[in-house]
Amino acid sequence: MTANDPNTRQNPHDLPPTGESAAKGPAAAGKKIAWVREPELGMAGRSYLMLFLQGLRTTLRHLLSRKTTVQSPEQRHVVPDPLIYRGVHRLNRDAQGRVKCVACFLCATACPAHCIDIVPAESPWPDRQKYPQSFTIDELRCIFCGMCEEACPVQAIELTSLYDLSGKSREEMVFDKAKLLSVFDQTKDAEPMTKGTGTFFGLPVSNEGTPGPAEK
Amino acid sequence: MATIYIDNQPYVVKDGQNLLRACLSLGFNLPYFCWHPAMNSVGACRQCAVKQFKDEKDTKGRIVMACMTLAADGTRISIDDPEVRRFRAGVIEFLMVNHPHDCPVCDEGGECHLQDMTVMTGHNYRRFRFRKRTHRNQELGPLVNHEMNRCIACYRCLRFYRDYAGGRDFDVFQWHNYVYFGRQSDGVLENEFSGNLVEVCPTGVFTDKTLKGHYTRKWDLQTAPSICVHCGLGCNTIPGERYGILRRIRNRYHREVNGYFLCDRGRYGYEFVNSPRRIRQPIFRSERSGAAQPVEKQAALEQAAKILGSGERVIGIGSSRASLEANFALRTLVGADRFYRGLAEAECRLLDTAIALLRDGPAPAASMSDAAQSDAVLVLGEDLTNTAPMLAYSVRQSTLQREIGLTKRLHVSWWDDAAIRQALQERRGPLYIATPAATKLDDVATEVYRAAPDDLVRFAQALAHALGAEIPPVSALPRKLAALADVVAEALYLARRPVVVCGTSSGSESLLRAAGNVAWALSAAEHRGQLCLVLPDCNSFGLGLLGGGSLADACRAIQEGKAETVVVLENDLSRHADQAALKLLDEVRHLVALDYLEHATTAAAELVFPAATFAEANGTLVNNEGRAQRSYQVFVPQGKTQASWRWLQEMMVAVGRQAEASWRSFDEITAALAEALPIFAAVKDIAPPEGFRMAGQRVPRQPHRYSGRTAMHAQADVHEPTPLADPDSPLSFSMEGSQRQPPPPLVPRFWAPGWNSMQAITRFQEEVNGPLRGGDSGRRLIEPQPDAAIRYFSDLPAEFEPRPDEWLLVPVDHIFGSEELSALSPGIAQLTPAPYLALSASDAAGANIQEGEKVVLAMDGLHQALPVRFLPSLPRGVAGLPVGLPGMMHVTLPGWAKLSKVTAS
């Protein structure tokens with residue numbers, strides 16, 4: 001038994017806690033780690049023949065299946081389920097036409113690309129404390145993961161089924177609040193907002209706010 | 001030391017503490033609400049439940065509250081036991097029944113202790129289906145926001161406000177589910193420490209109202225370790241910035257200095273950094289009275305080179321609110337003999353006296369923690385709540401020290417806060433306050449003595465004599481006063497750690513010396529008498545050590561024709577100089593100013609350079625105990641603003657003196673300072689140098705969750721800017737960097753996994769209430785001389801005699817308004833009183849003056865009409881004049897003045 005033998009090597013983390021480290025904190029007195037050995041590969045496994053055949057089967061299946069390529073832009077791709085498609089963002093409006101966002105920063109925080117930026121201001125309406133003075137999404141940095149939509153507690157930000165996002169400059173692709181609201185105006189009929197059937201921390205959430213002046 | 005067993009693992013802990021404290025010190029995640037490291041246990045919230053076992057054979061155990069159970073030797077507990085876990089989840093479910101669950105719109109969200117504890121206990125689904133109770137919120141003034149629905153009734157706010165901060169206008173009302181914490185009716189919270197409710201409240205009931213105007217989540221703030229600039233105590237702070245706007249100040253724990261709390265001036269005074277009065281680019285006036293023209297940096301420096309020319313007949317005026325480095329740079333530019341301190345002659349004398357007392361005598365300087373742990377305190381001439389608020393907080397805590405010692409025979413543990421207060425009732429330890437007028441600490445004082453400054457000196461000297469100082473006795477002291485002096489002397493003599501508090505705000509050098517006599521006499525009698533001296537500004541001590549003449553000396557130099565160019569550093573001279581001196585400075589040939597705010601001096605200057613505030617540049621500040629502390633740049637300022645020392649260095653390069661100003665970085669200038677002046681040798685070692693790295697990385701100023709990085713500048717430029725370089729510190733202006741815990745001077749925020757709120761502090765301390773891991777930051781520059789022969793002062797002014805037609809004006813300080821920078825914050829400005837003159841009602845009646853009536857004050861060429869306000873506690877023949885309020889002119893106090901009524905014409 002040598003120190004380099006992989007089967008007998010002792011992992012340094014596996015050692016029982018010493019008296020000194022045990023007195024220091026719970027991290028040092030951690031639980032024992034069970035080390036699992038990989039199963040040995042047989043002859044068939046080592047030749048990779050079965051894996052090769054499995055791969056070939058997938059290729060053949062796709063060769064024979066229905067083609068999904070669309071002749072864009074002459075032909076439009078039809079999004080099968082717009083409600084779960086992750087295209088361009090929109091900022092939803094409530095029944096009074098005001099932006100629904102309450103400037104809680106959850107989307108900006110959830111965003112793995114760090115491409116959402118919100119500047120809050122005290123809300124002019126009595127039914128909430130804050131609203132976004134400015135709301136910016138850099139669509140070019142966005143990876144369309146949908147985590148913003150997921151994080152939003154009031155269903156204010158949603159991803160639409162608009163997928164052909166293009167612009168003549170990079171600046172044009174930085175969407176501000178007005179542009180994000182205009183995406184809502186464009187898509188609200190085709191893709192209605194998620195209805196007020198949801199719950200937020202166990203409370204029913206409705207799309208109707210209390211009456212107030214509409215935001216321009 | 002005691003050995004306790006937690007989940008069958010042995011741990012060694014200190015004797016006498018409770019289990020919660022021991023568990024947190026060991027790094028366990030044990031949820032709690034009502035316990036606070038500074039306020040100990042009351043056992044109200046039932047959240048820190050653990051299971052205790054009788055011995056190793058006991059498997060059943062019983063649930064106890066960790067905060068109310070002594071961590072005795074051999075104690076066996078379980079934190080992970082399934083039953084106790086269920087218990088804790090159940091407790092939090094009850095607490096959350098009426099909580100509005102409005103985290104996304106709550107200002108506390110993301111740094112909420114309630115959120116953290118809810119996640120920690122595993123309560124994640126709400127089963128309560130009924131209506132929640134709702135409360136009406138109160139309007140509590142411009143600093144604190146009230147949202148009572150979020151309350152979980154842990155009573156921390158009430159305990160802090162009433163028991164610790166000494167507030168009276170806040171209480172608990174109603175019962176059961178309807179328990180309500182607030183004032184009797186809407187109104188401004190009167191206590192000077194009300195801002196701490198924001199940090200003390202485990203949830204979002206009390207939030208920072210100034211932050212609301214420019215709200216940003218904790219993880220979106222760029223933060224750096226900083227030092228408060230609003231008084232001389234040097235409290236440690238964490239300012240936070242986003243989009244170039246300073247957003248808020250939070251406390252940064254320092255065991256010796258401010259502990260867990262800040263005063264409202266320090267917490268809310270920051271908004272001057274965002275003031276519209278900021279100077280953002282160099283200004284040049286071709287004629288002194290002409291219009292200001294913004295100029296380019298290079299042009300301004302060329303102009304400066306022209307003005308400074310050969311360097312002959314150039315004098316520099318430093319500042320007690322500028323960093324050591326900035327003052328040193330100016331001193332290098334003009335030469336040590338032509339550097340003046342920018343303080344009035346009286347201020348300079350007081351400062352020198354105070355520093356000499358700490359340097360030459362046997363009594364060590366008391367830190368705020370020393371003051372809080374003292375068992376007998378004597379305050380001489382200082383209204384601490386208004387001149388050094390956090391010291392007032394410490395002194396208030398000190399009144400419990402002796403009495404807590406007495407409760408030992410009741411077998412009550414020192415951490416059992418409710419029991420201690422129940423046992424003590426209203427009994428408080430010795431605190432003697434001798435001031436010209438009433439102070440807010442009087443309610444816990446054993447005895448107060450109110451008299452004119454000269455009488456205070458006589459009282460203190462009588463006291464020193466009673467303690468054995470080799471000074472002649474005070475003759476003709478009233479019998480009652482002599483008896484009081486004996487009582488105070490006895491209390492101080494019997495105390496184990498007596499502290500004498502005095503300061504410069506009374507304006508009396510003799511009083512400082514008399515305070516020194518008392519402390520020294522205590523030291524000589526084998527008692528560790530400590531001396532705590534209050535200084536006015538954040539770097540008064542540093543400026544005092546740097547030396548240099550007063551403003552009067554500068555004026556003399558101008559009059560004698562020795563100076564025709566004056567460089568003023570971060571100083572509004574109208575706050576330190578009288579009218580004649582100001583006129584003289586106005587008429588000097590060239591006036592160059594460096595500052596961040598427009599004021600009388602920058603308005604008169606020919607050339608103005610935009611200097612950086614405390615949040616925009618590194619600096620070393622020396623607090624009132626002589627502790628040099630490093631404050632770090634939080635963000636890169638807009639415009640052409642840069643640190644004063646950089647401007648001064650560039651000026652020296654522009655006049656061709658590169659060799660003298662070879663410092664390019666902050667480390668280089670501190671090294672040059674340490675070399676030039678040996679007293680500052682320690683300054684370069686108080687914080688890690690710029691080259692310090694952790695695992696090869698800098699310390700990030702932005703947290704790892706910082707959001708919007710790629711979009712926040714997209715409106716200006718779609719290309720993401722490269723992170724700004726910081727040549728001055730090991731901190732970086734980005735979220736990239738080491739996430740390890742940095743050494744204490746570099747801790748930019750308190751956060752630990754699972755601990756998003758301020759309560760993460762226990763993860764940064766060596767043990768609860770101990771120093772931060774790595775030791776206390778900052779270093780004292782002077783040490784007392786325990787073995788030096790004491791030379792007592794024998795100042796003995798004559799007894800104060802009221803004059804028939806004149807009044808002795810004494811200074812009256814205001815926490816809100818008396819300090820120059822904080823007074824510019826809108827929240828503080830709302831609480832600042834208008835200028836007035838204080839008279840006692842009986843004196844006013846004698847002179848036939850009504851309250852609110854305007855009188856003209858005449859002294860030393862100063863004429864000002866002020867409304868009269870009654871201050872009943874003033875002694876006869878003494879009037880109070882508020883100092884530093886916007887609209888007040890500088891006068892040297894105390895001084896005699898004539899009052900006359902404003903005639904109807």
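Heavy-atom basis, side chains included; hydrogens, waters and symmetry copies ignored. Just so we're on the same page: letters track the sequence lines, and every chain starts at 1.
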Contact part of I137(A) toward chain B, heavy-atom cut-off under 4.5 Å: side chain, backbone, both or neither?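 Neither part.
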Given a strict heavy-atom distance threshold of 4.5 Å, which part of R242(B) is in contact with chain A: side chain, backbone, both, or neither?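 Only the side chain of R242(B) comes within 4.5 Å of chain A.
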Contacting region of V102(A) [heavy-atom separation from chain B under 4.5 Å]: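 Both backbone and side chain of V102(A) come within 4.5 Å of chain B.
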Considering only heavy atoms, which portion of C115(A) lies under 4.5 Å from any heavy atom of chain B: side chain, backbone, both, or neither?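 Both backbone and side chain.
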Which answer fits N124(B), side chain, backbone, both or neither, if we ask what part of it has an atom under 4.5 Å from a heavy atom of chain A?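 Looking at N124(B), nothing touches chain A.
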Under a 4.5 Å heavy-atom cut-off, does chain A meet the side chain of M96(B), its backbone, both or neither?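 For M96(B), neither part sits under 4.5 Å from chain A.
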Just wondering, do R217(B) and C104(A) contact through their side chains at under 4.5 Å, heavy atoms?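 They are in side-chain contact.
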Does some side-chain heavy atom of L140(A) sit less than 4.5 Å from a side-chain heavy atom of V718(B)?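 V718(B) vs L140(A): side chains apart.
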Please state whether the side chain, the backbone, both or neither of A113(A) comes within less than 4.5 Å of a heavy atom of chain B.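 When you check distances to chain B, only backbone atoms of A113(A) fall under 4.5 Å.
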Is any side-chain heavy atom of E171(A) less than 4.5 Å from a side-chain heavy atom of Q715(B)?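 Counting from C-beta outward, E171(A) and Q715(B) never come under 4.5 Å.
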Does any heavy atom of chain A fall under 4.5 Å from the side chain of E767(B), the backbone, both, or neither of them?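 Interface part for E767(B): neither.
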Note, D117(A) side chain near Y243(B) side chain (heavy atom, < 4.5 Å):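 Yes, close enough: below the 4.5 Å cut-off.
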Using the salt bridge (charged side-chain N to carboxylate O under 4.0 Å, His left out) rule, take R709(B) and D138(A) through it: C-alpha gap first, then chi angles, then the decisive distance, then the call. CA-CA 11 Å; R709(B) 176 170 57 88; D138(A) 188 344; over 6 Å; no
Answer yes or no: does atom CZ of F128(B) have more than 12 heavy-atom neighbours from other residues, nucleotides or ligands under 6.0 Å?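 For F128(B), atom CZ is crowded (more than 12 foreign heavy atoms under 6.0 Å).
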Taking every non-hydrogen atom, the tightest pair across S707(B) and A108(A):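 Shortest heavy-atom contact: CB-O, 3.2 Å.
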Residue pair Q129(A), E147(B): steps toward the side-chain contact (heavy atoms from CB on, under 4.5 Å) verdict: CA-CA 12 Å; Q129(A) 295 177 7; E147(B) 175 55 65; 3.9 Å; yes
With a 4.5 angstrom heavy-atom cut-off, is it the side chain or the backbone of R170(A) that approaches chain B, or both, or neither?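 Answer is both: backbone and side chain atoms of R170(A) are under 4.5 Å from chain B.
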What part of L106(A) gets closer than 4.5 Å to chain B, counting heavy atoms only: side chain, backbone, both or neither?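 Looking at L106(A), just its side chain touches chain B.
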Do you know the tightest heavy-atom contact between H719(B) and R141(A)?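 Distance-wise, the nearest heavy atoms are C-NH2, 4.0 Å.
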